[in-house]
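Encoded as structure tokens, the structure appears first; notes follow it.
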Amino acid sequence: MRVDFHCHILPGIDDGSSCVEESIELLAMQKKQGIETVAATPHFNAERRSPREFIEKRQAAYESLKQAGPLPIEDIRLGAEVRYYSGISRMSGLEELRLEGTKLLLLEMTFTPWTDYMERELCELSCSGDIILMLAHIERFFKYMRRNTLEELLSQGILMQTNTGFFAERKTCRKALRMLRDGMIHAVGTDCHNTVTRPPDYDLFEKAVTKKFGSGFFEDFAVSSASLLEDNI
Ligand SMILES: [Fe+2]
């Protein structure tokens, strides 16, 4: 079961899909690539709106999409790509931003050097029991972490999501495959925003993994990754 854990397919809510027609086109592209389940994860930034406002807006975007149905992919789970800030663990309503039906919270870290405080806060959140942290496109943050940070976070049970593009690009593909082989990647997302400049590219991920490790390995990853959705609250 192929799951896109991170994408911006809901219309008119962030810098992703601009309208219902584009959302349907994105879903059709995802379906063509074999994706059966989509986690719709619009950007959430606490500076812009409260969780409640975000959820209302997300629901409206989802309703407008559903009204245009039947959709190429019907299994859409509502979530968020939550922007980290120092102190986020004290934000009320944070749990409301977890991926529908699960404890998974997709968190986007900051593009500045990570501090001790930030790492401690991630571990605290992860230990709270209410949230399973999944760090969004972790490959974008290697340069902001210290040498052992990734291993430490993994040892705390924090999950890592990478973009499918990490596997599609020549200069990063080897590292991506190595991390996947070593169990350091738990889920992938296309992070698609539109059909032209940031389309879904799950097919390139599948091709790279299958070529290197075989289709059995790929299917095993897809199944274990999809099982994260079974983590019912
Ligand atoms: Fe994203």
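Order of listing sets the numbers, starting from 1, for every ligand and every atom in it. Just so you know, these numbers come straight off a predicted model, no measurement behind them.
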- [ ] Measure the shortest side-chain to side-chain distance between His186 and Leu154 over non-hydrogen atoms and say whether it is less than 4.5 angstrom.
- [x]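 Side-chain contact under 4.5 Å: yes.
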TODO: Please say which of Met118, Arg83, Glu121 ends up in a side chain to side chain contact (heavy atoms under 4.5 Å, CB included) with Ile88.
DONE: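 For Ile88, the side chain to side chain contact (heavy atoms under 4.5 Å, CB included) test succeeds with only one of Met118, Arg83, Glu121, which is Glu121.
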Open item on the list: Determine whether the aromatic ring centres of residues Tyr202 and Phe205 are separated by less than 6.0 angstrom.
Closed with: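 Here the rings of Tyr202 and Phe205 have centres that are less than 6.0 Å from each other.
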- [ ] Please work out whether the ring planes of His193 and His43 are parallel, tilted or perpendicular, with thresholds of 30° and 60°.
- [x]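 Answer is tilted, since the angle falls between 30° and 60°.
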- [ ] Using the test side chain to side chain contact (heavy atoms under 4.5 Å, CB included), find all partners of Phe217 that sit at least two apart in sequence or belong to another chain.
- [x]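 Side chain to side chain contact (heavy atoms under 4.5 Å, CB included) check on Phe217 returns Leu180, Val209, Phe213.
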- [ ] Using a cut-off of 6.0 Å, state whether more than 12 heavy atoms not belonging to Arg52 lie near its atom CZ.
- [x]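 No, the 6.0 Å shell around CZ holds no more than 12 heavy atoms from other groups.
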TODO: Can you check the number of protein N/O/S atoms within less than 2.8 Å of the Fe ion (ligand 1)?
DONE: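 Count of protein N, O, S atoms less than 2.8 Å from the Fe ion (ligand 1): 4.
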